[in-house]
Amino acid sequence: MALVLGLNSGSSFDGIDAVLVEIENGADGYPARPKFIAGNSYAWPDAVAEKVLRAFDNTLSLFELCRLNYLAGAVYAESARALMRELSIRPEQLEVIGYDGQTIYQEPPDHTRMAAFRDEENLVARWLDGPYPCGLQIGEPAIVAAACETIVVTQFRPMDHALGGTGAPLMQYLDYVAFRDVGPVLTLNIGGIANCQLADRDRGRMMAFDTGPGNVMLDHVARARLGKPYDADGAAAALGRIDQGLLDTLLAHPFFHRPPPRSAWRLDFGAGYADARMAEHPHLSAEDLLATFTEFTAIAISRSIRDHVEGLGRIDALLASGGGTRNGFLMQRLAAHLPSSLRLARSDEFGIPAAYKEAIKFATLAHATVNHLGNNIPAASGASRFGILGKIALPPRLARGV
Ligand SMILES: Nc1ncnc2c1ncn2[C@@H]1O[C@H](COP(=O)(O)OP(=O)(O)OP(=O)(O)O)[C@@H](O)[C@H]1O
Ligand SMILES: CC(=O)N[C@H]1[C@@H]2OC[C@@H](O2)[C@@H](O)[C@@H]1O[C@H](C)C(=O)O
């Protein structure tokens, strides 16, 4: 039995979620469903948050980004230490701390062009001229390993990229771990961007893809027009009217023509995109904008599921997680658009608290890394083979011969 600490800060950039989980290995090379022990969330200090927001917009210099990588590492380290203090956990009790780092940039995969380079032997050509996606996650792991005196695993996506996969989403590993005995089941994580996974007993049938917008645009409107961090429970959206013209424009976004496995980022459905649409519709109230963007999120999810999930008829439950599940109005609109045969439930039903699923995911991935367990699902990400995702930083206390 291993005690693992997981951290996550995603595309909503609303704070760092931290969890402590207990993980036991199964006989088949995969862990048993992780047992959630405790969790908490910590804010990004304003001075750091302001720099991350500028990095999202590509307005930091490379030198500033270099410092921000260390600064973000310090924020992850303080979050891990805070949870350890609150739970009276000593470093020696932890097997590993897992977090991906804050995504700053993520290229979407272009499968048609990637296929043309599949047999390219020359790696430089593959990455120079080829369409293989790259991404950047910041939060220097050396700072966390040194401060927490614990093994740290971070940056899980690059290895999946190196194996020809999309690198995002990565939820499918936890979904296989947690639901391989109950599948097929669909999972949905509504964070800043929303993603959907088909978990099955047969790993070769699994799928993972972003469905499109989650909360990023909703948060942007709430902040810009209501001065609030988010539209709590969708209360403002529930008062608005859907603008059909705006909704049609949103649904014509080219992202929806990309086949799975596919990933989106804040550049696709972020503040810039929302501002451009708001400028085209200056007469709409904050409530109308929120109603329309909420409907957009719900339709993007239901449409992605209908269009892309193979064997949908065999599946009876959609297990939702992420901050979006706290938006009652969004959940109501989603239920209205989903096939009636699909029961909309929360991952809590299976012992995975919806608010902490992503942090649990990184804890589970990190546990796999240090145990050398394959932790990608090639069928879902498009990788050419199994591998071990994650980069390891070792703590000073493990140094021998000193
Ligand atoms: N009570 C609430 N009512 C409505 N929305 C909420 C509520 N609580 C949280 N949210 C939404 O959930 C968001 C945070 O979700 P979450 O923590 O899953 O995002 P994330 O970690 O950035 O995810 P991802 O990595 O998938 O993008 C908030 O920004 C907000 O939009
Ligand atoms: C590159 C990146 O950080 N992508 C995130 C983002 O937030 C949601 C969506 O876009 C998903 O692709 C991914 O996170 C999910 C939860 C994951 O990797 O599992």
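First listed ligand is number 1; within each ligand, the first listed atom is number 1.
Taking the ring centre of Phe63 as origin, the terminal cationic atom of Arg67 falls outside the region bounded by 6.0 Å and 45° from the ring axis.
The protein heavy-atom contact nearest to atom 30 (C) of ligand 1 is Asp219 OD1, 3.6 Å. Ranking the protein heavy atoms by distance from atom 5 (N) of ligand 1 puts Tyr230 CD1, 3.8 Å first. Counting protein heavy atoms only, atom 13 (C) of ligand 1 is closest to Asn215 ND2, 3.5 Å. Counting only heavy atoms of the protein, atom 18 (O) of ligand 1 lies nearest to Gly323 N, 2.8 Å.
Atoms of ligand 2 lying under 4.0 Å from at least one heavy atom of Thr103, given by number and element, are 1 (C), 2 (C), 3 (O). With ligand atoms numbered from 1 in the order given, ligand 2 contributes 1 (C) to contacts under 4.0 Å with heavy atoms of Gln106. For ligand 2, the atoms closer than 4.0 angstrom to any heavy atom of Ala168 are 1 (C), 4 (N), 12 (O).
At a heavy-atom cutoff of 4.0 Å, ligand 1 is contacted by no atom of Asn195, backbone or side chain. With a heavy-atom cut-off of 4.0 Å, Ile193 touches ligand 2 through backbone and side chain alike.
Distances from atom 17 (O) of ligand 1 to the heavy atoms of Asp210, Asn8, Ile190, Asp14 put Asp14 nearest. When the heavy atoms of Gly324, Gly15, Ser11 are ranked by distance to atom 27 (O) of ligand 1, first place goes to Ser11. The residue among Thr103, Asn189, Asp233, Thr294 with a heavy atom at the shortest distance from atom 3 (N) of ligand 1 is Asp233.
Using a 4.0 Å cutoff on heavy atoms, Lys361 counts as a contact of ligand 2. Residue Ala264 places a heavy atom less than 4.0 Å from ligand 2.
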Check: residues 28-39 side-chain donor-acceptor pairs under 3.5 Å, at least two apart:
residue: Asp28; atom: OD1; partner: Tyr30; partner atom: N; Å: 3.1
residue: Asp28; atom: OD1; partner: Arg180; partner atom: NH2; Å: 3.1
residue: Asp28; atom: OD2; partner: Arg180; partner atom: NE; Å: 2.8
residue: Asp28; atom: OD2; partner: Arg180; partner atom: NH2; Å: 3.4
residue: Tyr30; atom: OH; partner: Arg203; partner atom: NH1; Å: 2.9
residue: Arg33; atom: NE; partner: Ala178; partner atom: O; Å: 2.8
residue: Arg33; atom: NH1; partner: Phe350; partner atom: O; Å: 3.4
residue: Arg33; atom: NH2; partner: Ala178; partner atom: O; Å: 2.8

